[in-house]
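Notes follow once the structure below has been shown.
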Number of protein chains: 2
Amino acid sequence: MARAATTTDAFNAVAEPRRREILSLLVVQERPVGEIVAVLRLDQPSVSKHLRVLRDVGLVRVRRKGRHKLYRTVPDAIRPMHEWTATFERYWRHQLHRVKERAEALEAAGSGPDLKA
Amino acid sequence: MARAATTTDAFNAVAEPRRREILSLLVVQERPVGEIVAVLRLDQPSVSKHLRVLRDVGLVRVRRKGRHKLYRTVPDAIRPMHEWTATFERYWRHQLHRVKERAEALEAAGSGPDLKA
DNA sequence: TTGACATATTCCTATATGGGAATGTAATGT
DNA sequence: ACATTACATTCCCATATAGGAATATGTCAA
């Protein structure tokens with residue numbers, strides 16, 4: 001089997017950095033394809049293809065406006081990723097606490113930070 | 001060009017659902033490969049290969065324990081993803097507010113929810 | 001050393017890319 | 001109708017999978 005399609009879900013779609021840039025750009029305000037091309041300095045077909053992927057997974061929506069197509073990010077489609085990553089939050093907090101406690105313990109012991117370990 | 005390697009960054013690594021399962025499992029407590037195989041019901045070589053990818057991007061760490069190798073998630077390596085998704089939080093909040101306001105406006109107008117639009 | 005257990009790597013293959021180039025399609029103005 | 005603007009799609013190709021099967025490496029025990 002090969003890798004899952006980029007259109008499988010948000011996780012696969014945003015693995016591509018350009019698509020993340022597009023999402024960040026379009027969440028602020030909707031824009032026509034030409035502007036995305038200009039701002040991000042990508043080729044037009046490339047942008048259209050990325051937008052197609054993002055559309056397929058529901059991360060962006062389009063609406064016509066004369067000859068233009070205005071794309072905008074659908075922020076809600078990013079929530080599942082946010083929530084998944086959030087399940088690890090308490091653990092990296094613990095990690096920080098451990099590091100902090102360790103540093104304080106060392107200082108209390110009178111020695112400087114252990115640069116070797 | 002093909003897709004970026006899965007070992008490019010955390011975004012690419014966690015695009016694979018099995019790797020997400022492995023991370024969720026190993027963040028609670030470290031485990032030997034055999035247990036991951038048993039709990040997630042995957043083939044051993046498959047698990048080893050996924051662990052290799054996760055290791056390459058710093059999402060897990062290993063330590064030897066006799067004949068076993070104990071893997072554990074490095075939660076801090078997930079923070080960049082959490083932070084990226086968090087930049088969209090205010091926008092989906094706005095989205096919810098708009099939906100809520102719209103619903104309340106309709107109710108105040110005396111009509112039920114607009115099922116057509 | 002030998003054997004058994006635990007994990008890692010290699011080889012193979014079908015599939016899905018993303019970029020570049022070229023072309024197709026849709027909407028507007030005259 | 002026709003030229004123009006704005007996007008979208010298609011074709012080609014190098015590359016990177018993920019899974020399955022087989023094999024290699026590593027570690028302990030007797």
Side-chain angles (χ1 to χ4, degrees), chain A residues 1-23 25-26 29-73, chain B residues 1-23 25-26 29-73:
Chain A
M1 234 184 233
R3 243 211 266 194
T6 54
T7 51
T8 300
D9 54 34
F11 283 98
N12 278 280
V14 307
E16 166 64 47
R18 267 65 189 272
R19 285 197 284 268
R20 290 200 296 278
E21 291 179 23
I22 291 175
L23 289 174
L25 180 66
L26 300 181
Q29 93 185 72
E30 62 181 1
R31 287 182 193 270
V33 178
E35 276 190 29
I36 306 173
V37 169
V39 174
L40 301 184
R41 297 171 157 232
L42 300 172
D43 291 326
Q44 176 267 312
S46 182
V47 170
S48 280
K49 280 183 276 188
H50 283 314
L51 288 171
R52 176 72 166 140
V53 171
L54 293 173
R55 215 160 103 70
D56 283 351
V57 296
L59 279 164
V60 300
R61 282 200 192 296
V62 217
R63 79 184 171 95
R64 269 221 112 87
K65 170 84 172 188
R67 297 189 248 215
H68 300 258
K69 285 198 174 180
L70 301 178
Y71 282 84
R72 66 197 151 85
T73 297
Chain B
M1 231 184 235
R3 243 211 267 195
T6 54
T7 51
T8 299
D9 55 34
F11 283 98
N12 278 280
V14 307
E16 166 65 47
R18 267 67 189 272
R19 284 197 283 266
R20 291 201 296 279
E21 291 179 23
I22 291 174
L23 289 174
L25 180 66
L26 299 181
Q29 93 186 72
E30 62 181 359
R31 286 181 192 272
V33 178
E35 276 191 29
I36 306 172
V37 168
V39 174
L40 301 184
R41 298 171 155 232
L42 300 171
D43 290 326
Q44 177 267 312
S46 182
V47 169
S48 280
K49 280 183 276 188
H50 283 314
L51 288 171
R52 176 72 166 139
V53 170
L54 294 173
R55 215 160 103 70
D56 283 350
V57 296
L59 280 164
V60 301
R61 282 200 191 296
V62 217
R63 79 184 172 95
R64 270 221 110 87
K65 171 83 172 187
R67 298 190 245 217
H68 300 257
K69 285 197 173 180
L70 301 179
Y71 281 85
R72 67 197 151 83
T73 296

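Note on naming: letters A, B, ... go to the chains in the order of the sequence lines (proteins, then strands), and numbering restarts at 1 for each one.
- For B:Pro32, taking side-chain heavy atoms from C-beta onward, the closest of the listed nucleotides D:dA8, C:dG19, C:dT7 is C:dT7.
- Formation of a donor-acceptor pair under 3.5 Å by the A:Asn12 side chain with backbone atoms of A:Thr7 is not found in this model.
- A donor atom on one side chain and an acceptor atom on the other are found under 3.5 Å apart for B:His50 and B:Arg19.
- The CD1-P distance, from B:Ile36 to C:dA6, rounds to 14 Å in whole Å.
- Between the side chain of B:Arg20 and the backbone N or O of B:Val14 there is at least one donor-acceptor pair closer than 3.5 Å.
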Go through the steps to decide whether A:Leu26 and A:Leu51 satisfy the test side-chain contact (heavy atoms from CB on, under 4.5 Å), and finish with yes or no. CA-CA 11 Å; A:Leu26 300 181; A:Leu51 288 171; 4.1 Å; yes
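- Rounded to whole angstrom, the span from the CZ atom of B:Arg41 across to the P atom of D:dG20 amounts to 15 Å.
- The side chain of A:Tyr71 places no N or O atom within less than 4.0 Å of a non-bridging phosphate oxygen (OP1 or OP2) of D:dA6.
- Positionally, the nearest nucleotide of DNA chain C for A:Thr7 lies more toward the 5' end than for the other of A:Thr7 and A:Gln44.
- Using a cutoff of 4.0 Å between basic side-chain nitrogens and carboxylate oxygens, A:Glu30 and A:Arg63 are scored as salt-bridged.
- Of the residues in residues 48-56 of chain A, A:Lys49, A:His50 come within less than 4.0 Å of DNA chain C through at least one heavy atom, sorted by number.
- In this structure, CG in B:Leu23 is found 11.0 Å from CD in B:Glu16, a value given to the nearest 0.5 Å.
- As rounded to whole Å, 12 Å separates atom P of C:dG19 from atom CZ of B:Arg3.
- One interatomic measurement links the two molecules: CG of B:Asp43 to C1' of D:dG20, which rounds to 7 Å at whole-angstrom precision.
- Remark: B:Arg64, B:Gly66, B:Arg67 in residues 60-70 of chain B come within less than 4.0 Å of DNA chain D through at least one heavy atom.
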Checking B:Ile36 against B:Leu25 for the side-chain contact (heavy atoms from CB on, under 4.5 Å) test, could you report, in this order, the C-alpha distance in whole Å, the side-chain angles of both residues, the deciding distance, and whether it holds? CA-CA 8 Å; B:Ile36 306 172; B:Leu25 180 66; 4.3 Å; yes
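- Within the 4.0 angstrom heavy-atom criterion, base atoms lie near A:Pro45.
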Evaluate side-chain contact (heavy atoms from CB on, under 4.5 Å) for A:Val37 paired with A:Leu42, printing each intermediate quantity in order. CA-CA 5 Å; A:Val37 169; A:Leu42 300 172; 5.8 Å; no
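- Counting to the nearest Å, the P atom of D:dC7 and the CZ atom of A:Arg31 are 13 Å from each other.
- Here the side chain of A:Asp43 pairs no donor or acceptor atom with the backbone of A:Pro45 at under 3.5 angstrom.
- A residue-by-residue look at A:Val47 and A:Ala2 shows that A:Val47 has its nearest nucleotide of DNA chain D further toward the 5' end.
- Regarding contacts with the backbone of C:dG19, a side-chain N or O of A:Ser46 is found under 4.0 angstrom from either OP1 or OP2.
- One atom, CE of A:Met1, and another, C1' of C:dT17, lie 16 Å apart when rounded to the nearest Å.
- In this structure, CG of B:Asn12 is placed 12 Å from C1' of C:dT17, rounded to the nearest angstrom.
- Separating the CD atom of B:Glu16 from the P atom of D:dA16 is a distance of 18 Å, rounded to the nearest angstrom.
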